[in-house]
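Reminder, nothing fancy here: chain letters follow the sequence lines and each chain counts from 1.
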Amino acid sequence: MFQQLVFYLFTGVLIISAIGVVTVRNPIYAALCLILAFFSSSAIWLLSGAEFLGIVLVLVYVGAVMVLFLFVIMLLDLNLDLLKEGFIRYLPIGLGAAFIVTLEMILVLNMPAFKISQPLASLPANNTEALGKILYTDYAYPFEIAAVILLLAIVAAIVLTLRRRTDTKLQNISEQIQVSRHDRLRLIKMQAEK
Amino acid sequence: MNIAIALPEIFLTIAICLSLLIEPFLPTDKRRLISYLLIQTCLIITTLLVINTFPADKAWGLNNLYVRDDLGSLLKISILLVTMLAFVYARQYLQEKGLWKNEFFILILFSVLGMLVIASANHLLLIYLGLELLALALYALVAFSRDDSRATEAAMKYFVLGAIASGMLLYGISILYGITRGQLELSAIASYLSTQEVLNNIPLLFALVFIVGGIAFKFGTVPFHMWAPDVYQGAPTAVTLFLASVPKLAAFAMLMRVLGESLGAAQSGWSQLLLVMGLLSVTVGNLLAIAQFNLKRMFAYSTIAHMGFVLLAAMTGTLEGYSAGLFYTIIYALTSVGSFAILILLSHQGLDAETLNDLKGLNERHPWYAFLMLLLLFSMAGIPPMVGFYAKFSVIQAMLNTGYLWPAVFVVLMSVVGEFYYLRAIKMMYFDQPEKHPPQITYPMDFQIALTANGLLVLFLGLLPTGLIELCTQALVASLP
């Protein structure tokens with residue numbers, strides 16, 4: 001009973017915040033609504049016992065992706081009002097697309113492959129642990145290769161973006177201290193002026 | 001688990017991490033040279049580790065995700081050796097262009113690691129991860145000269161098309177995962193397929209189309225060839241040199257692992273695809289190469305034609321065909337790395353040698369390099385006694401032995417068309433007067449020795465090809481189920 005109550009609470013918040021994402025005028029509010037939607041759906045996952053997915057959703061999407069989104073919105077100072085001008089005009093097409101997607105999903109999800117009443121394998125008590133076990137033992141090799149890909153991504157990103165700017169007036173103190181007479185002064189022999 | 005089976009890969013990974021760490025602490029004036037020498041040493045040690053287990057029984061490890069067989073080892077040895085050559089050739093060019101950074105070598109080592117992973121993968125997941133590791137490093141390398149707008153454009157094109165190709169491959173893999181009820185291990189897929197009627201299994205054929213598409217993109221064969229000319233032209237020559245030669249060996253490894261081994265029972269399904277793509281590649285590559293005045297673009301189209309040959313060899317689905325394909329790919333990598341080295345040699349004072357005009361009168365300036373280029377171009381054209389002739393010959397023989405008479409005739413005709421642009425380049429080197437007088441080229445000793453060895457090897461293997469052909473056949477006999 002209590003679980004159902006919590007489920008409906010989070011589902012309600014999820015739906016309202018999801019509507020908010022597309023209707024709110026201020027892009028910052030929209031991003032914050034999206035964060036709320038992620039939180040609510042991660043709570044729903046936690047309720048249904050998929051705690052790993054719930055945690056990952058918060059860590060990856062809220063912790064990293066949304067922060068990046070907010071940065072981009074704030075840095076670019078987008079005026080989304082212009083983008084939202086035709087909201088009413090595009091509404092029928094949008095609703096039509098949404099209707100077709102819903103219809104397709106109903107058709108697909110009614111297929112026998114998705115109608116599983118009994119879980120195929122017994123549910124692990126702790127699915128983070130179960131995932132970790134399989135990832136770090138059976139699939140340790142692909143896991144390491146994936147880690148190497150991330151390392152490569154870091155190296156490649158730095159190679160392509162790091163540049164030494166020559167026009168900055170940054171002081172290099174050790175260089176300034178170590179300067180000697182020969183670097184700055186030049187003695188020139190010349191005939192005495194008469 | 002048997003972790004020790006992956007010793008070369010583990011060593012290379014550790015070497016990459018260490019060289020990233022060590023480089024900043026080296027003395028500033030000799031930093032580049034020392035890290036370059038360290039990296040070459042790492043490659044030599046990795047090669048020795050692979051050679052150490054070269055003729056060996058097939059063995060599995062790392063929870064059946066890794067397979068060590070002679071096919072994989074032979075491909076790994078060729079990948080590592082050609083990479084070493086590429087490093088020797090690239091050094092001077094990078095120095096002159098102000099691109100000599102440790103990261104260039106590190107990125108190439110990453111992609112080499114990806115290729116080694118592909119060469120000994122026993123699981124589709126690893127094929128994909130290796131491919132991504134290889135491809136991501138290559139995207140960054142193409143954009144390595146980041147202030148050059150052409151390089152950036154080429155990198156963007158390569159990245160977008162490469163991402164689409166990866167997506168196609170993944171889509172095919174996911175369908176395969178579905179129809180085999182959750183199998184991704186290559187041998188498990190093979191045993192599932194042996195109970196199927198391939199040509200009536202529509203989902204299987206559907207998956208095959210996407211997987212073949214993903215592989216063909218790596219080869220750069222028609223109709224997935226669009227990226228090749230632009231990327232070859234836009235990338236710095238030192239990168240093109242690597243890009244044009246070594247990844248083709250990895251693409252062949254992928255072809256053998258995925259189509260040859262695991263989908264071998266579905267040969268009737270994919271052979272038609274490869275036949276059409278191979279014939280189209282040979283046609284388009286050879287015809288369009290004639291129209292190219294830019295040398296890099298000409299080599300790009302010639303690569304397309306060469307890779308068509310490899311697909312046609314694999315298409316036969318016989319041991320003879322696979323062996324011919326393996327031989328062809330190794331020879332192609334060796335020849336193309338050499339001919340791009342000549343392009344590097346001709347580029348001077350930061351200006352790339354790009355057009356056919358730069359070849360004019362090479363014989364007067366540098367008779368020896370002109371002779372080496374002659375050997376390499378003859379080999380590419382398939383003129384005996386160069387080794388390229390035997391490569392083409394064995395492919396055509398494999399086709400004839402499986403009854404593909406007319407495709408073989410067509411391929412021979414197209415090769416004759418292809419002779420034209422190779423011979424035109426040779427004519428320009430020997431009989432034309434140079435338009436301008438570029439400065440005398442002085443290149444370091446290691447470059448000269450490597451290039452001479454490379455050119456003479458093409459001649460030597462052409463005179464005595466049986467050793468390498470035997471090696472390829474034996475490796476395949478020991479590896480295929």
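- Side chains of Val159(A) and Phe104(B) form no contact here, defined as non-hydrogen atoms less than 4.5 Å apart.
- Within 6.0 Å of the OH atom in Tyr139(B), the count of heavy atoms belonging to other residues, nucleotides or ligands exceeds 12.
- Here the CG atom belonging to Leu152(A) is positioned 5.5 Å from the CG atom belonging to Leu136(B), to the nearest 0.5 angstrom.
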message: Walk me through whether Tyr141(A) and Asn63(B) qualify under side-chain contact (heavy atoms from CB on, under 4.5 Å).
response: CA-CA 9 Å; Tyr141(A) 180 42; Asn63(B) 196 29; over 6 Å; no
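- Remark: Lys133(A) NZ is loosely packed, at most 12 non-hydrogen atoms of other residues, nucleotides or ligands lying under 6.0 Å away.
- Residue Met66(A) places its CE atom among more than 12 non-hydrogen atoms of other residues, nucleotides or ligands, all under 6.0 Å distant.
- Contacts between Asp147(B) and chain A at a heavy-atom distance below 4.5 Å involve the side chain alone, from C-beta outward.
- Listed options Thr161(A), Leu162(A), Thr137(A) were ranked by heavy-atom pairs under 4.5 angstrom with chain B; first place goes to Leu162(A).
- Here the CD1 atom belonging to Ile149(A) is positioned 5.0 Å from the CG atom belonging to Leu129(B), to the nearest 0.5 angstrom.
- Pro142(A) approaches Leu126(B) most closely through the heavy-atom pair CA-CD2, 4.0 Å.
- In this structure, no portion of Leu141(B) lies under 4.5 Å from any heavy atom of chain A.
- For CZ of Phe11(B), the number of neighbouring non-hydrogen atoms (other residues, nucleotides, ligands) closer than 6.0 Å is greater than 12.
- Using a 4.5 Å cut-off between heavy atoms, Leu113(B) touches chain A through its side chain atoms alone.
- Taken to the nearest 0.5 Å, the CG atom of Leu160(A) stands 8.5 Å off from the CZ atom of Phe144(B).
- At most 12 non-hydrogen atoms from other residues, nucleotides or ligands lie less than 6.0 angstrom from CZ of Phe69(A).
- Atom CG of Leu75(A) sits in a crowded spot, with more than 12 heavy atoms from other residues, nucleotides or ligands closer than 6.0 Å.
- Annotation for Gln3(A): atom CD does not count as buried by contact number, only 12 or fewer foreign heavy atoms lying within 6.0 Å.
- Distance check, rounded to the nearest 0.5 Å: CD of Glu103(B) to CD1 of Ile158(A) gives 8.5 Å.
- Of the inter-residue distances, the one linking Asp138(A) atom CG with Leu65(B) atom CG reads 8.0 Å to the nearest 0.5 angstrom.
- Few gaps surround OH on Tyr36(B); more than 12 heavy atoms of other groups in view lie less than 6.0 Å from it.
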